[in-house]
Amino acid sequence: MRYSKLFLPTIKEVPAEAEVISHKLMLRAGMIRKLASGLYSYLPLGLRSLKKVEGIIRQEMNAAGAQEVLLPMVQPAELWQESGRWEHYGKELLRMKDRHERDYCLGPTHEEVICALVRHEVRSYRDLPLNLYQIQTKFRDEIRPRFGLMRSREFIMKDAYSFDVDDEALDKTYQAMYRAYCRIFDRCGLNFRPVEADTGSIGGHASHEFMVIADTGEDIIACCGSCDYSANVELAPALSDEPGQDAPDEAMRRVHTPGKRSVEEVTGYLGISPKCLVKTLVFTSDKGPIVALVRGDHNINEVKLKRLLRAERLELADNLTVSSVTGGEAGFIGPVGLKGRVRVIGDNALKGIKNFVTGANESDWHLAGVNWGRDLAWPEFSDIRLITKSDPCPRCKGGIEFKRGIEVGHVFKLGTKYSEALDVTYLDEAGVARPIVMGCYGIGVGRTVAAAIEQNHDENGIIFPRPIAPFECVISVVDVTDEAMMSAGERLYGDLLESGFDVLLDDRRERPGVKFKDADLTGIPLRITIGRRIKEEGRVELKLRTQGKGGATSPLLDDAAAEAAVIFKAMDHMGSALK
RNA sequence: CGGGGCGUAGCGCAGUCUGGUAGCGCAUCUGCUUUGGGAGCAGAGGGCCGGAGGUUCGAAUCCUCUCGCCCCGACCA
């Protein structure tokens, strides 16, 4: 491609709308432009990078035995009513009507559609296993789109759905997908980690997220420092059980705490440790109101609570509900003397606590010296808090660290949730109809590109890993009006094209500084500069994007293409050596 | 949905408090000079001041409503 013909509008200034580095750089490098909130146009440079990632995904998915299909993006409501998700999916599902007033939605995911396809076509155990994938635009009407392609409403996703005869067969498929995902993200040059994850509203039993480690990630991962355990904090069990305290029982008493609501305020005012305080939270859910208790220095984990309750919906109660359940106002509520019958769940860490402080359900008052069994009934105990640094690794009892991650892929064992709802069955060897056991496997394509940029950039711009770079090499002709330079550029351009590289010839009538800045900004891995030295010594200059000025080599023009090939080969080896 | 902020030239912003000729930088166009890290000088074009209504002799500026965008929270594959 010739730069003079390429639609590549770069921006010198930092765009005001962008918050995170990948978003800023993708705008500046002319990869994307925003159309509306959460909706982006892909320009040639951005599209090239997306296509590279898609190509890697296709190769690995095909190699793992999956087959590509393309499913409709607009989907009839009936299907979603059949699976029950028309009601349960919520406002993220963008619904619409056609001219006949029939209900449709834009596909945020394709379980329903793939089931509708497969249930008509697959009859026998002989047709299984089957694994189908597509690379499709999805739409999720996110409450708050942000960070550019990281969380947009319309986005490109690879989604695969597997169909197996039983759990054992699904295990094999799942493992194959897991391995394929590792290869895909390896090849994209990402520093990532597969972590145990919650299954969310998609449902199912086992699940792993593929997290790209980055400070700007929206998810938090709990990692063990000693073994390779890692899990989304939403899921990681908090195992430290405090030993029972054997202090003598104190008498329960009211303490005046005027205006002291938060844990810090109350414990600071009373001069006690947050560990001695029981924090009370009221939730509403489809299973009714819930009172959750955690220690003052711990945080509630709503995902765990939701799983425990088997609730579809769980949210912090509003002030009205809080006072109707407890009789108190937020900041002064406690589990003693709750109104009516309400399910009370205490975190495991509270089992052994004695003489604790908690809200009195009366404004400006707390209770101290409170004890289970005497002042209030023993609640049911469970693990409902977020894991902390002082908890042990659930696998090896080592220390836990926290990292932020960007979720670029997610694999689920769905089981028979959808096949039962949507009647996707096969006949086994005995002629008995059984529900097909399913798995599903997603990769955010745009998010993968954004994550790669998040991990690979410097103050001058993007530093693309070669496999997903829009161009592998740029030839910067310093002065295009100079015939010797320009003809050398053309010749090298032809050589590199012939060798099969994605090469960009910067033939613009721009000053050299502009060309260098744009080459750096767009992150092209290798730059070949053709300047004065072509006339004096017949030499050009090769510089990797990762190198400073010092690292350049200066081969003769005729050797440049071969040297570029050698450099790329070395880069590929370095890449695999890193793993 | 709650809280906060912003909509003025293609982009980034000032001007709004205190009403009176719509500005600056970058970009664009022309000319000359320059040519290895986002050039210099001279000149030019470009605006329904997000939209609607109101107050006023007069509104970018004050008031009301509305639309859009961004941030924090809530929520969420």
Side-chain angles (χ1 to χ4, degrees), chain A residues 9-20 23-24 27-28 30 33-39 85 88-93 107-111 138-148 150-153 155 157 159 197-204 207 209-210 218-219 232 234 283-284 302-303 306 312-319 406-412 414 440-444 447 459-461 476-482 485 506 508-522 527-536 540-541 543 548-549 552 554:
Chain A
T10 57
I11 302 171
K12 207 189 307 189
E13 286 164 88
V14 181
E17 69 186 56
E19 186 82 356
V20 299
H23 189 195
K24 287 178 188 168
L27 287 167
R28 288 192 55 210
R33 287 292 183 265
K34 187 171 72 176
L35 177 66
S37 180
L39 303 175
R85 289 207 289 185
H88 289 139
Y89 205 92
K91 287 185 183 164
E92 280 193 353
L93 185 63
T109 174
H110 282 71
E111 281 83 6
K138 310 275 189 198
F139 191 92
R140 291 180 193 171
D141 200 357
E142 295 281 346
I143 296 172
R144 184 144 90 88
R146 58 186 135 177
F147 303 153
M150 210 82 97
R151 183 171 291 271
S152 50
R153 294 193 293 173
F155 59 100
M157 182 172 174
D159 50 326
D198 182 52
T199 48
S201 69
I202 289 201
S207 166
E209 290 165 330
F210 288 77
E218 292 184 275
D219 292 282
N232 195 309
E234 294 176 343
F283 290 89
T284 55
E302 291 188 31
V303 171
K306 203 167 163 182
E312 296 275 359
R313 190 177 58 73
L314 178 76
E315 56 220 20
L316 265 177
D318 55 30
N319 290 337
I406 300 164
E407 181 190 355
V408 289
H410 204 159
V411 294
F412 299 84
L414 290 177
C440 80
Y441 317 91
I443 293 179
R447 196 183 269 188
E459 65 281 2
N460 294 313
S476 301
V477 179
V478 165
D479 181 0
V480 295
T481 61
D482 183 301
M485 289 188 203
D506 195 345
R508 293 175 300 167
R509 296 188 71 129
E510 287 285 356
R511 301 166 62 85
V514 174
K515 297 186 179 193
F516 297 152
K517 287 287 185 191
D518 279 337
D520 285 349
L521 178 60
T522 52
R527 188 181 85 206
I528 304 180
T529 308
I530 298 182
R532 272 192 214 107
R533 296 181 67 183
I534 193 70
K535 302 207 280 194
E536 294 156 4
V540 301
E541 227 169 84
K543 190 182 95 58
K549 277 184 185 169
S554 320

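Nothing here was measured: the structure is a model prediction, and the numbers come from that model. We name chains A, B, ... by the order of the sequence lines, and we start the count at 1 in each one.
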A/Ser37 has a side chain; which of B/C70, B/A74, B/C76 sits nearest to it?
B/C70
For B/G7, what is the paired nucleotide under Watson-Crick or G-U wobble rules, both distances under 3.5 Å?
B/C67
How many Å lie between CG on A/Leu316 and P on B/G2, as a whole number?
18 Å
How would you list, by chain and number, every residue that makes a side chain to side chain contact (heavy atoms under 4.5 Å, CB included) with A/Asn460, sequence neighbours excluded?
A/Asp458, A/Lys517, A/Asp520, A/Arg545
Regarding the side chain of A/Arg447, the nearest nucleotide among B/C13, B/G73, B/A77 is B/A77
Quick one: which of B/C70, B/A77, B/C75 gets closest to the side chain of A/Lys34?
B/C70
Nucleotides 34-40 of chain B: protein proximity per nucleotide (B base, S sugar-phosphate only, - neither; heavy atom, under 4.0 Å)
B-BBBB-
Grab the CZ-P distance between A/Arg146 and B/A77 for me, whole Å please.
14 Å
Distances for protein N/O vs nucleotides 42-45 of chain B N/O pairs under 3.5 angstrom?
none

Would you mind reading off the distance between A/Glu234 atom CD and B/C75 atom C1', rounded to a whole angstrom?
12 Å
Round to a whole Å and report the spacing from CD of A/Glu142 to P of B/C70.
13 Å
In whole Å, I'd like the distance from the CD1 atom of A/Ile143 to the P atom of B/A77.
10 Å
